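For this chain, numbers begin at 1 and follow the sequence in order. These numbers were taken from a predicted model, which means no experiment stands behind them. Both ligands and their constituent atoms are indexed starting at 1 by order of listing.
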Amino acid sequence: MALREIIVLPDPRLRLKSEPVKAVDAELRALVDDMFETMYAAPGIGLAAIQIGVPRRIVTMDLAREGEPKEPRVFINPEVLSSSDETSTYEEGCLSIPEYYEEVERPKAVKVRYMDLDGKTHEIESDGLLATCLQHEIDHTNGVLFIDYISKLKRDMVVKRFKKAAKRGEPIKPLAEDDKPSHHIG
Ligand code: GNR
Ligand code: NI
């Protein structure tokens with residue numbers, strides 16, 4: 001097991017479309033182990049392989065609350081089969097866009113097909129946090145980030161902050177309330 005580095009904005013690899021997994025083998029299991037170690041250490045509730053720089057369609061997730069038994073889940077080659085017309089809004093964050101949180105509206109429920117670590121195919125109906133997280137992670141496998149769903153003004157501001165921090169070799173600082181654009185212009 002190894003802790004991997006999580007890549008952050010503006011790393012261009014976050015925009016890659018990841019490749020499907022062809023076979024469940026020892027190398028894939030080792031990669032999934034590393035993803036869980038990295039996700040739990042972050043800590044995060046989900047992780048896509050591209051976030052550790054590996055452009056393959058693999059997602060790890062654990063939605064168990066703090067203090068509850070772990071519920072590790074793996075989704076290989078996940079795809080959305082159908083989405084509800086009804087939407088819900090959730091304040092999202094991303095380990096690749098640290099310290100930034102914003103409300104995102106998505107379909108409330110999604111049907112997802114994926115493969116498990118035994119190579120068996122499953123279809124699940126999800127809603128709530130599972131549906132939100134699955135959509136966020138499947139987006140990562142397609143090079144899509146949650147900031148793509150917010151206003152251009154907010155997105156440009158976030159990208160600018162991360163580019164500036166990267167140029168200076170500085171860690172990103174939490175966004176102060178005062179620096180946020182007011183709702184009038186946001
Ligand atoms: O840890 C995470 N929390 C989270 C909260 C709301 C919506 C999505 C997420 S996923 C995120 C971890 C991450 O960046 N996964 O790609
Ligand atoms: Ni993310």
I need the contact type for Tyr90 against ligand 1. Using non-hydrogen atoms and a strict under-4.0 Å cut-off, is it side chain, backbone, both or neither?
side chain
To the nearest 10 degrees, could you say what angle the Ni ion (ligand 2) makes with NE2 of His136 and SG of Cys94?
110°
Do any nitrogen or oxygen atoms of Ile45 come within less than 3.5 Å of a nitrogen or oxygen of ligand 1?
yes
So for ligand 1, is Leu95 a polar contact partner (N or O within less than 3.5 Å, distance only)?
yes
Distance to 0.1 Å, residue and atom name: give those for the protein heavy atom nearest to [atom].
atom: atom 12 (C) of ligand 1; result: Gly46 O, 3.2 Å
atom: atom 8 (C) of ligand 1; result: His136 ND1, 3.5 Å
atom: atom 11 (C) of ligand 1; result: Gly93 O, 3.7 Å

Can you tell me if Ser84 uses its side chain to pair, donor with acceptor, with the backbone of Ala109 under 3.5 Å?
yes
Glu91 side chain to Glu103 backbone, donor-acceptor under 3.5 Å
no
Candidate with minimal heavy-atom separation from atom 7 (C) of ligand 1, of Met39, Gln135, Glu92
Glu92
My understanding is that we take every heavy atom of each candidate and find the minimum distance to atom 15 (N) of ligand 1. Doing that for His140, Glu91, Glu137, which one comes out nearest?
Glu137
Between the OG1 atom in Thr141 and the CD atom in Gln51, the distance rounded to the nearest 0.5 Å is 11.0 Å
Interatomic spacing from CE in Met35 to CZ in Arg56 - rounded to 0.5 Å:
10.5 Å
Is it true that, when you exclude Glu170 itself, more than 12 heavy atoms of the residues, nucleotides or ligands shown sit nearer than 6.0 Å to its CD?
yes
Ligand 1 atoms in contact with Cys94 (distance to a heavy atom under 4.0 Å)
14 (O)
I'd like to check which ligand 1 atoms, numbered from 1 as shown, lie under 4.0 Å from a non-hydrogen atom of Gly44.
1 (O)
Does one side chain, of Tyr40 or Asp62, offer a donor that lies under 3.5 Å from an acceptor on the other?
yes
Indicate yes or no: at least one non-hydrogen side-chain atom of Val144 is less than 4.5 angstrom from one of Tyr149.
yes
Restricting to N/O/S, name the atom of His140 that gets closest to the Ni ion (ligand 2).
NE2
Step-by-step side chain to side chain donor-acceptor pair (under 3.5 Å) determination, Ser18 to Arg57
CA-CA 5 Å; Ser18 294; Arg57 307 181 78 78; 5.5 Å; no
